[in-house]
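Structure record follows, encoded as structure tokens.
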Amino acid sequence: MTPALDTPAGVEAVPRRAADGTEHLFLLNHTPDEVTVVSGTGTPVDLLAGDVPAPVSGHLCLPPFGAAVLRDDPAQPTLREEA
């Protein structure tokens, strides 16, 4: 999950690696606007999407002041911000 996303002002994309080597990407929207992130052809898993982690395919919308925690598949492309 390298590098972290190049995000607009007020939106953070922070990669973290767990002790077991699992990589996660924390997406934090500090703005009052919805933000759309494109996952490309990869299928990371959103760990905050309800009771069961949900695959993210295509676009991920962060609501105003919202967050997501994505677990990346190393064989898949990393995320990039939609233009």
Picking from L48, V69, L47, what satisfies side chain to side chain contact (heavy atoms under 4.5 Å, CB included) with F26?
V69
Testing the 3.5 Å rule here: is there a donor-acceptor pair between the side chains of T22 and D20?
yes
Applying side chain to side chain donor-acceptor pair (under 3.5 Å), name anything that partners D46, two or more places apart in sequence or on another chain.
none
Please name the pair of heavy atoms, one in P64 and one in E34, separated by the smallest distance, quoted to 0.1 Å.
CG-N, 4.1 Å
Under 3.5 Å: donor-acceptor pair, side chain of N29, backbone of P63:
yes
Do you know which two heavy atoms are closest between A13 and L25, and how far apart they sit?
C-CD1, 4.0 Å
Would you say F65 ends up clustered with L27 if hydrophobic residues are merged whenever their side chains have heavy atoms under 4.5 Å apart, either directly or through other cluster members?
no
Quick one: do L28 and V35 end up in the same hydrophobic cluster if we chain Ile, Leu, Val, Met, Phe, Trp and Tyr together by side-chain heavy atoms under 4.5 Å apart?
no
Interatomic spacing from OG1 in T36 to CG in L60 - rounded to 0.5 Å:
8.5 Å
Evaluate side chain to side chain contact (heavy atoms under 4.5 Å, CB included) for T31 paired with V11, printing each intermediate quantity in order.
CA-CA 7 Å; T31 73; V11 179; 4.3 Å; yes
